[in-house]
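I have placed the structure first, in the form of structure tokens, so that the comments after it can refer back to it.
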Amino acid sequence: MQYWLLKSEPNVWSIEQQKNEGLKGVVWDGVRNYQAKNNLGKMKKGDLCFFYHSNIGKEIVGIVQVIKEAFVDPTDRKKKFLAVRVKFKKLFKKPVSLADIKKNNNLKKLQLIKQSRLSVMPVDTKSWKIILKMGSITI
DNA sequence: GCCAACGTTGGC
DNA sequence: GCCAACGTTGGC
């Protein structure tokens, strides 16, 4: 089991919309960055991902789960990039803001801080657990 | 709205 | 293959 963080602007794709799609989930497409693509390619069915709202909110708001491993992004005409299918899993009781993450010395290594432009990134188990606690949820 | 940090493109 | 110019993302 591997953990990830997915980023989206809530006015494009919010956790609420994700929730509304229910069990069938949504295709996570539109990624046009090689580093993000490589990460998508490593995802396994069942992996869990934090769902981060960029720009508006700037906080981790929930968790989604990978239900279909990487395939060619249907929106990519050149068929170079990948997409996965994810479904809504859980909402944070208390969203964990970027400011809170920055304040926590144990989360210094999160790529979210260093590489703010990357939209798909791995999260190590330790950080995952810390953030779950901060959001006062269990999985 | 500004700007830093990246990515990408295209001329050479 | 290098690098300048340009475009985009996202925090502030």
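Numbered from 1 within each chain, the chains take letters A, B, ... in sequence-line order.
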Ignoring hydrogens and angles, write down the donor-acceptor pairs under 3.5 Å from the side chains of residues 48-64 of chain A, residues two or more places apart or on other chains.
from	atom 1	to	atom 2	distance (Å)
A:H53	NE2	A:I15	N	3.1
A:N55	ND2	A:E9	OE1	3.4

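The distance between atom CG of A:N55 and atom P of B:dC3, rounded to the nearest whole Å, is 17 Å. Atom NZ in A:K37 sits roughly 16 Å away from atom C1' in B:dG7 (whole-Å rounding). Atoms OH (A:Y34) and P (B:dG7) sit 13 Å apart, rounded to a whole Å. In this structure, CG of A:N33 is placed 17 Å from P of B:dA5, rounded to the nearest angstrom. Taking atom CG of A:L98 as the reference point, atom P of C:dT9 lies 18 Å away to the nearest angstrom. In this structure, A:Q35 atom CD and B:dT8 atom P are separated by 10 Å, rounded to whole Å. Taking atom CD1 of residue A:I101 and atom P of nucleotide C:dC12, one finds them 11 Å apart after rounding to whole Å. In this structure, A:M121 places its CE atom 17 Å from P of B:dA5, rounding to the nearest Å.
A:D73 places a side-chain N or O within donor-acceptor distance of the main-chain N or O of A:G30, the cut-off being under 3.5 Å.
Evaluation of the side chain to side chain donor-acceptor pair (under 3.5 Å) test over residues 42-51 of chain A, restricted to residues two or more places apart or in two chains, returns A:W4-A:D47.
Phosphate contact (OP1/OP2 of C:dC12, side-chain N/O of A:K102, threshold under 4.0 Å): present. The phosphate of C:dT9 (OP1 or OP2) has no side-chain N or O of A:Y52 nearer than 4.0 angstrom. Under 4.0 angstrom from either OP1 or OP2 of C:dG10 there lies at least one side-chain N or O belonging to A:K7.
Candidate nucleotides C:dG10, C:dC12, B:dG7 were compared by shortest atom distance to the side chain of A:S116, and C:dG10 ranks first.
Here A:L6 contributes atom CG and A:S119 contributes atom OG; the two are 8.0 Å apart, rounded to the nearest 0.5 Å.
When each of A:Q111, A:M43, A:K37 is tested with A:V120 by the rule side-chain contact (heavy atoms from CB on, under 4.5 Å), just one qualifies, namely A:M43.
Ion pairing between a basic and an acidic side chain is recognised when a charged N comes within 4.0 Å of a carboxylate O; A:D100 and A:K103 show such pairing.
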(request) Test side chain to side chain contact (heavy atoms under 4.5 Å, CB included) on A:I67 and A:V86 and set out the steps. (result) CA-CA 5 Å; A:I67 55 173; A:V86 296; 5.7 Å; no
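In this structure, A:L118 reaches neither bases nor backbone, as no heavy-atom distance under 4.0 Å exists between it and the strands shown.
Within residues 104-115 of chain A, the residues having any heavy atom closer than 4.0 Å to DNA chain B are, in order of number, A:K114, A:Q115.
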